[in-house]
Asker: 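After the structure tokens below, expect a handful of questions from me.
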Amino acid sequence: MSLGLSVPAHTDSRIRVPFGEKSLDATLSLPGAPRGVPYGVILTHGAGGDMNFPQLVALANYLASHGLLCLRFTCKGLNLGYRTKAYGAVLAYLKSNEEHKVAGVFLAGRSMGSRAAASLIRMACEQDDGFVQGLICLSYPLHPPKARSKLRDEDLLQITKPALFISGSMDEMCDRALMMNVVSKIKAPVKIHWIENANHGLTTKGKTLDDMLAEINEQTLLWIQQILKLQKG
């Protein structure tokens with residue numbers, strides 16, 4: 001996997017992931033020419049929108065073009081427990097998928113989706129699930145707007161697997177100082193990448209959408225490469 005300018009082809013396919021008596025709309029982004037069994041990344045959206053949110057589409061395409069299988073899915077609803085169960089169904093689907101095997105998976109999400117990913121990885125840590133490699137949070141909503149005392153850190157403080165946080169330095173739902181304090185208490189390798197002057201949507205004056213997406217994509221891939229290299233020794 002390289003951060004070079006050349007981007008190998010990848011393919012997308014729409015799928016349905018079983019979830020109880022329902023199913024979840026999802027898209028698999030497959031590496032064009034994977035070397036051996038690839039690693040995977042699961043991505044999901046925030047409280048609004050769906051799996052076609054531009055940041056998720058761009059990230060999935062970029063990672064798949066650099067050798068990683070990506071599965072992004074839609075789960076409507078504002079109940080965190082429900083969202084976490086849906087995420088768990090997607091993880092189970094990828095674990096048991098015989099057609100597209102992966103060596104392990106990173107759990108990723110944006111905003112509320114990252115809370116669901118954090119909740120699920122906490123369970124994976126408690127169960128010592130070696131299939132789950134780490135956590136990727138885009139705009140983790142550490143607290144509600146204008147309510148910095150109501151921290152949503154209970155799952156983060158229990159994780160023991162590597163984590164990456166990409167947040168805007170002016171995110172109204174993730175005070176920088178509070179986030180740094182939470183991260184200092186996490187008993188796992190953690191990296192925070194701050195996008196200067198960006199808000200919760202990771203947009204900022206003076207930076208184009210393409211520039212912002214490129215920064216997210218490159219930082220995420222670089223971190224995944226570093227984690228996999230460390231794990232392989």
Side-chain angles (χ1 to χ4, degrees), residues 39 41-47 55 59 78-88 91 104-202 204 215-216 218-233:
Y39 282 85
V41 180
I42 302 174
L43 299 146
T44 194
H45 56 91
Q55 289 173 12
L59 183 57
L78 300 177
N79 182 284
L80 181 60
Y82 179 80
R83 293 287 300 267
T84 303
K85 287 181 180 179
Y87 209 127
L91 175 60
V105 70
F106 291 86
L107 307 184
R110 175 190 143 65
S111 194
M112 187 179 185
S114 68
R115 289 188 69 197
S119 181
L120 189 61
I121 203 169
R122 174 182 178 175
M123 292 183 234
C125 292
E126 292 171 348
Q127 298 165 4
D128 196 24
D129 187 345
F131 185 75
V132 177
Q133 305 296 307
L135 173 69
I136 301 168
C137 297
L138 306 181
S139 294
Y140 185 86
L142 184 61
H143 53 77
K146 300 179 181 180
R148 297 180 181 181
S149 62
K150 298 179 180 179
L151 294 183
R152 298 158 172 163
D153 60 354
E154 58 278 359
D155 290 317
L156 300 182
L157 296 177
Q158 300 301 318
I159 65 175
T160 55
K161 293 178 181 288
L164 169 68
F165 296 89
I166 298 179
S167 294
S169 65
M170 303 300 290
D171 188 340
E172 62 276 18
M173 299 179 71
C174 186
D175 178 81
R176 188 168 185 162
L178 290 175
M179 188 61 174
M180 295 298 291
N181 185 55
V182 169
V183 165
S184 71
K185 300 175 183 177
I186 297 176
K187 298 176 181 178
V190 178
K191 178 180 178 181
I192 305 181
H193 179 76
W194 296 102
I195 299 180
E196 290 301 324
N197 300 316
N199 58 19
H200 188 66
L202 294 178
T204 181
E215 184 172 348
I216 294 171
E218 291 171 6
Q219 288 295 324
T220 303
L221 177 61
L222 180 61
W223 179 80
I224 290 174
Q225 290 173 330
Q226 292 172 340
I227 295 302
L228 293 179
K229 184 177 180 180
L230 287 172
Q231 291 179 353
K232 292 176 180 178

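Being a predicted model, the structure only gives us computed values, none of them experimental.
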Asker: Which distance, rounded to the nearest 0.5 Å, do you find between the OG1 of T44 and the CG of L120?
Answerer: 11.5 Å
Asker: Is there side-chain contact between R83 and H45, with at least one heavy-atom pair below 4.5 Å?
Answerer: yes
Asker: Test your reading of the model: is there a side-chain donor-acceptor pair from Y87 to the backbone of I42, 3.5 Å cut-off?
Answerer: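 Yes; at least one donor-acceptor contact below 3.5 Å.
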Asker: Does the side chain of H193 come within less than 4.5 Å of F165's, by heavy atoms?
Answerer: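 F165 does not reach H193 side chain to side chain.
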Asker: Report the C-alpha distance between E218 and L222 in whole Å, list the side-chain angles of each, state the deciding distance to 0.1 Å, and finish with yes or no for side chain to side chain contact (heavy atoms under 4.5 Å, CB included).
Answerer: CA-CA 6 Å; E218 291 171 6; L222 180 61; over 6 Å; no
Asker: With a 4.5 Å limit on heavy-atom distance, are the side chains of I227 and Q231 in contact?
Answerer: yes
Asker: So do the side chains of Q133 and V105 get within less than 4.5 Å of each other, counting heavy atoms only?
Answerer: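 The answer is no, as the side chains (C-beta and beyond) never meet within the 4.5 Å cut-off.
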Asker: How many angstroms lie between atom CG of N199 and atom OG of S167, to the nearest 0.5 angstrom?
Answerer: 11.5 Å
Asker: For residues 115-132, which residue pairs qualify under side-chain hydrogen bond (donor to acceptor under 3.5 Å, both in side chains), counting only residues two or more places apart or in two chains?
Answerer: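 side-chain hydrogen bond (donor to acceptor under 3.5 Å, both in side chains) check on residues 115-132 returns K95-D129, R122-E126, R122-D155.
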Asker: For S111 and H200, which heavy atoms make the closest approach, and how far apart are they?
Answerer: OG-NE2, 2.8 Å
Asker: Evaluate side chain to side chain donor-acceptor pair (under 3.5 Å) for Q219 paired with K191, printing each intermediate quantity in order.
Answerer: CA-CA 10 Å; Q219 288 295 324; K191 178 180 178 181; 3.1 Å; yes
Asker: For G201, is there any backbone N or O sitting under 3.5 Å from a side-chain donor or acceptor partner on Q55?
Answerer: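 Checking the backbone N and O of G201 against the side chain of Q55, a donor-acceptor pair under 3.5 Å is found.
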Asker: For the residue pair V41 and A108, what are the closest heavy atoms and their distance?
Answerer: CG1-CB, 4.0 Å
Asker: Heavy-atom distance under 4.5 Å between the side chains of L164 and I224, does that happen here?
Answerer: no
Asker: Supply the atom-to-atom distance L59 CG to L138 CG, rounded to the nearest 0.5 angstrom.
Answerer: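 So the CG of L59 and the CG of L138 are separated by 6.5 Å.
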Asker: Do side-chain atoms of D153 reach the backbone of L156 as a donor and acceptor pair under 3.5 angstrom?
Answerer: no
Asker: What closest approach, in Å, do T204 and N197 show between heavy atoms, and which atom pair accounts for it?
Answerer: OG1-O, 3.1 Å
Asker: Within a 6.0 Å radius of atom CE on M170, are there more than 12 heavy atoms belonging to other residues, nucleotides or ligands?
Answerer: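 12 or below, so no.
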Asker: With sequence neighbours excluded, tell me which residues meet ring pair (Phe, Tyr, Trp, His ring centres under 6.0 Å) with F131.
Answerer: none
Asker: Which atom pair, heavy atoms only, marks the closest approach of N181 to S184?
Answerer: O-OG, 2.6 Å
Asker: Rounded to the nearest 0.5 Å, what separation is found between the CD1 atom of I159 and the CG atom of L107?
Answerer: 10.5 Å
Asker: Which residue pairs satisfy the side-chain hydrogen bond (donor to acceptor under 3.5 Å, both in side chains) criterion with at least one member in residues 135-148, sequence neighbours excluded?
Answerer: R110-S139, R148-D175
Asker: Between I216 and I195, is a side chain to side chain contact (heavy atoms under 4.5 Å, CB included) present by the stated rule, with each step listed?
Answerer: CA-CA 9 Å; I216 294 171; I195 299 180; 4.0 Å; yes
Asker: Backbone N or O of L135 within a donor-acceptor pair of the K161 side chain at under 3.5 Å?
Answerer: no
Asker: What heavy-atom pair brings A188 and P162 nearest, and what distance separates the two atoms?
Answerer: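 Smallest interatomic distance, heavy atoms only, reads CB-N, 4.5 Å.
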Asker: To check you understand the geometry: which heavy-atom pair defines the closest contact between L78 and A47, and what is its length?
Answerer: CD2-CB, 3.5 Å
Asker: Measuring only between side-chain heavy atoms, which start at C-beta, is R152 closer than 4.5 Å to P141?
Answerer: yes
Asker: May I ask you to check whether F106 and W223 place their ring centres under 6.0 Å from each other?
Answerer: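 For W223 and F106, the ring centres are under 6.0 Å apart.
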